[in-house]
Amino acid sequence: MAISTVTHVVLTGGIGSRLWPLSRKTLPKQYLELFDGESLFEKTVARNQNVSNKMIVVGNIENYKMSNAIMSKFDKPFIHIVEALPRNTAAAIAFAAFASKPEDVLLITPSDHIIEGSSAYSTALQQAIDLANKDYLVTFGIKPTKPETGYGYIEFENENVIAFHEKPNLETAKTYLKRGNYFWNSGLFCFKAGKFLEELKKQEPEVYETSKVAWEANKDGFLDYNLSLKIPSISIDYAVMERSKDIKVVAANFEWSDLGSFESVYDYLVQKGHPIDTNRNIVIGTSMHTTFIGVKNCILIYTADALMVLQKENSQEVKQVYQQLESIASPLL
C-alpha cells in the first residue's frame with residue numbers, strides 16, 4: 001500500500017475563557033509562554049513534525065500574526081487558513097479537507113493541549129492512521145484519572161464506539177469511572193479528507209455546502225466574512241462523529257491534558273516543579289512575595305490589570321466570570 005500523505009491540521013481558534021485573566025482575546029492560552037518557556041501552539045507543532053508531511057493552520061483573523069510568528073520558528077511550509085469569524089470545528093476542519101487531496105490523511109489537533117510520552121503518542125497515531133486508511137473516522141479516547149465534569153465521554157468496546165456522552169454531572173462522572181469502558185473525549189481526530197467531507201455532506205449538507213462556497217472564494221487562505229456568516233456554527237462531534245456509522249476510537253495511553261481549567265494548569269505546573277507552599281497553594285504570574293493563611297489548594301493569578309484568587313476545585317466557575325465581563329463589554333477581555 002502506498003505511504004499515505006499525513007497532514008497535520010492545527011486548530012488555533014479558541015480563546016481559553018476558563019483561563020482568564022491569563023488568557024485574553026489578544027493573547028489566547030495557546031500563545032502563552034507559560035510552559036517550559038514555550039507556548040502550547042509551539043509544542044503542538046513540534047510534537048507532530050515527524051508524523052506529518054504537510055501542515056495546515058486554521059485560525060481566526062485575530063490570531064493570524066501570533067500563529068505566523070510561531071510558525072516562523074519552524075523551517076516548514078504550511079497552508080494558513082484564516083477564518084473571518086469563528087464557525088466552530090466542523091467548518092474549520094472542512095476548510096482543511098477542501099485544501100487537501102481526498103486521500104490525504106488529516107491528523108486534527110487543537111493547538112492548546114499538553115501531551116507527554118512520545119512513544120505512546122507515536123503508537124496511537126500509527127494505529128489511527130492505519131484505521132483512517134481503511135476509511136474510518138478516528139477519535140482518540142483518554143483513560144480517565146478522576147471523575148471529570150469538564151469533558152465529554154466516549155463509551156466504547158475495544159475500538160468500537162458505543163455512544164458519545166455530554167459533559168456529565170459529578171455523580172454520572174463517578175459512575176463512568178467505575179464502569180471502566182468510558183474515555184474522555186480528547187478533541188483529537190484522524191481521517192481521510194475525502195471521507196470526512198463525504199460524511200459531512202451526508203450528515204450536515206448545509207455546513208458542507210456553505211463551507212465549500214466560502215472556501216472556493218478564499219483569497220490567499222483568507223475567508224470572506226459574509227460567506228462565512230452563512231455557515232452554521234456546529235462542532236465536529238455533533239455534525240459527524242456522533243452520527244456516522246464509520247467511527248473508531250483509539251485508546252490514548254499517553255499523558256494528556258487540554259489545560260482547559262486552572263485545576264489542570266495547577267496540576268501541570270506542580271508536576272513541573274512550580275513553587276508550592278505547605279498548604280498546596282500556588283501563585284501564577286508574579287514573583288512578588290505572597291503568603292496564604294488559613295486556605296488550602298488555592299491559586300492566585302496575577303496580571304497587570306486583574307487579580308484572581310480561586311479554590312482549585314472551583315476552576316470551572318472561571319468561565320462564569322468571563323461571561324459576566326463579556327455581558328458588560330469589559331476591556332479586560
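Of the N and O atoms on the side chains of Thr303 and Asp305, at least one donor lies less than 3.5 Å from an acceptor on the other residue. Between the side chains of Asp267 and Gln271, no donor-acceptor pair of N or O atoms lies under 3.5 Å. Using a 3.5 Å distance cut-off with no hydrogens or angles, the side chains of Gln127 and Glu159 do pair a donor with an acceptor.
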Test Lys25 against Glu62 for salt bridge (Lys or Arg N to Asp or Glu O under 4.0 Å), laying out the working first. CA-CA 8 Å; Lys25 284 182 178 171; Glu62 289 84 4; over 6 Å; no

Decide side chain to side chain donor-acceptor pair (under 3.5 Å) for Asn160 and Lys248; before the verdict, give the C-alpha distance in whole Å, the side-chain angles of both, and the deciding distance to 0.1 Å. CA-CA 5 Å; Asn160 300 314; Lys248 294 286 183 188; 2.6 Å; yes

Could you go step by step and tell me if Asp130 and Tyr136 meet the side chain to side chain donor-acceptor pair (under 3.5 Å) rule? CA-CA 9 Å; Asp130 291 347; Tyr136 288 109; over 6 Å; no

Please test Glu38 against Lys73 for salt bridge (Lys or Arg N to Asp or Glu O under 4.0 Å), starting from the C-alpha separation and ending with a verdict. CA-CA 12 Å; Glu38 289 180 334; Lys73 296 182 182 185; over 6 Å; no

Going through the checks in order, is the side chain to side chain contact (heavy atoms under 4.5 Å, CB included) test met by Thr290 and Asp277? CA-CA 10 Å; Thr290 308; Asp277 74 7; over 6 Å; no

Residue pair Asn314, Glu317: steps toward the side chain to side chain donor-acceptor pair (under 3.5 Å) verdict: CA-CA 6 Å; Asn314 294 71; Glu317 292 168 35; 2.9 Å; yes

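Between the CD1 atom of Ile154 and the CZ atom of Phe140 there is a distance of 10.5 Å, given to the nearest 0.5 Å. Between atom NZ of residue Lys201 and atom OG of residue Ser211 there is a gap of 13.0 Å, rounded to the nearest 0.5 Å. Interatomic distance, CD of Gln30 versus OG1 of Thr44, reported as 9.0 Å (0.5 Å rounding). In this structure, CG on Leu106 lies 10.5 Å from OG1 on Thr5, to the nearest 0.5 angstrom. Taking CG of Asn88 as the start and CD1 of Ile234 as the end, the distance is 8.0 Å to the nearest 0.5 Å. Note that the CG atom of Leu333 and the CZ atom of Arg24 stand 8.0 Å from one another [nearest 0.5 Å].
No side-chain heavy atom of Asn218 sits under 4.5 Å from any side-chain heavy atom of Asp220. Looking at Ile114 and Asp258, their side chains never come closer than 4.5 Å, going by heavy atoms from C-beta outward. Side-chain contact check for Trp215 versus Leu223: some heavy-atom pair is nearer than 4.5 Å. With contacts defined as side-chain heavy-atom distances shorter than 4.5 Å, the pair Lys29/Arg18 does not qualify. Side-chain contact between Val207 and Arg87 is absent, with no heavy-atom pair separated by less than 4.5 Å. Residues Leu310 and Leu300 fail the side-chain proximity criterion, which asks for heavy atoms closer than 4.5 Å. A 4.5 Å side-chain heavy-atom check between Ser39 and Ile70 finds at least one atom pair inside the cut-off. No side-chain heavy atom of Met55 sits less than 4.5 Å from a side-chain heavy atom of Asn48.
Residues Thr89 and Ser235 come closest through the heavy atom pair OG1-CA, 3.2 Å. Between Val249 and Gly141, the shortest heavy-atom distance links the atoms CG2-N, 3.6 Å. Taking both residues in full, the closest heavy atoms of Asn281 and Asn297 are given as OD1-N, 3.2 Å, listed atom of the first, atom of the second, then distance. Nearest heavy atoms, Ile61 versus Ala84: CG2-O, 4.3 Å. Contact detail for Phe292 and Ile282: the closest heavy-atom pair is CZ-O, 3.6 Å. When all heavy atoms of Gly187 and Pro110 are compared, the closest pair comes out as O-CD, 3.4 Å.
Note: the hydrophobic cluster containing Tyr268 also contains Leu40 (ILVMFWY, side chain heavy atoms under 4.5 Å, direct or indirect links). Follow the hydrophobic side-chain contacts under 4.5 Å out from Phe189 and you never reach Leu125; the two are in separate clusters. Under the 4.5 Å side-chain heavy-atom criterion for ILVMFWY residues, a single connected hydrophobic cluster contains both Val318 and Ile284. A single hydrophobic cluster is not seen to contain both Leu131 and Val240; linkage of ILVMFWY side chains at heavy-atom distances under 4.5 Å, directly or through other members, places them apart.
Taking the six-membered ring for Trp and thresholds of 30 and 60 degrees, Phe41 and Tyr31 have nearly parallel ring planes, at less than 30 degrees apart.
Other residues, nucleotides and ligands place no more than 12 heavy atoms under 6.0 Å from the OH atom of Tyr225.
Taking 4.0 Å as the cut-off between side-chain N and carboxylate O, Glu199 and Arg243 do not count as a salt-bridged pair. With respect to the salt-bridge test (charged N to carboxylate O, under 4.0 angstrom), the residues Glu198 and Lys202 do not qualify. Salt bridge status for Lys272 with Glu116: present, with a side-chain N to carboxylate O gap under 4.0 Å. Classification of Asp224 and Lys219 as a salt-bridged pair fails, no side-chain N sitting under 4.0 Å from a carboxylate O.
Glu313 meets the salt bridge (Lys or Arg N to Asp or Glu O under 4.0 Å) test with no other residue; sequence neighbours excluded. Annotation: side-chain hydrogen bond (donor to acceptor under 3.5 Å, both in side chains) contacts of Lys192 (sequence neighbours excluded): Glu103, Asp135.
In this structure a side-chain-to-backbone donor-acceptor pair under 3.5 Å is present from Ser100 to Ala96.
For the ring pair (Phe, Tyr, Trp, His ring centres under 6.0 Å) with Tyr151, the lone residue among Tyr176, Phe183, Tyr182, Trp256 that qualifies is Trp256. The one candidate from Phe222, Phe95, Tyr64 that meets the ring pair (Phe, Tyr, Trp, His ring centres under 6.0 Å) condition with His80 is Tyr64. Of the residues listed (Ile56, Val58, Ile236), the one engaging Leu11 in a side-chain contact (heavy atoms from CB on, under 4.5 Å) is Val58, and it is the only one.
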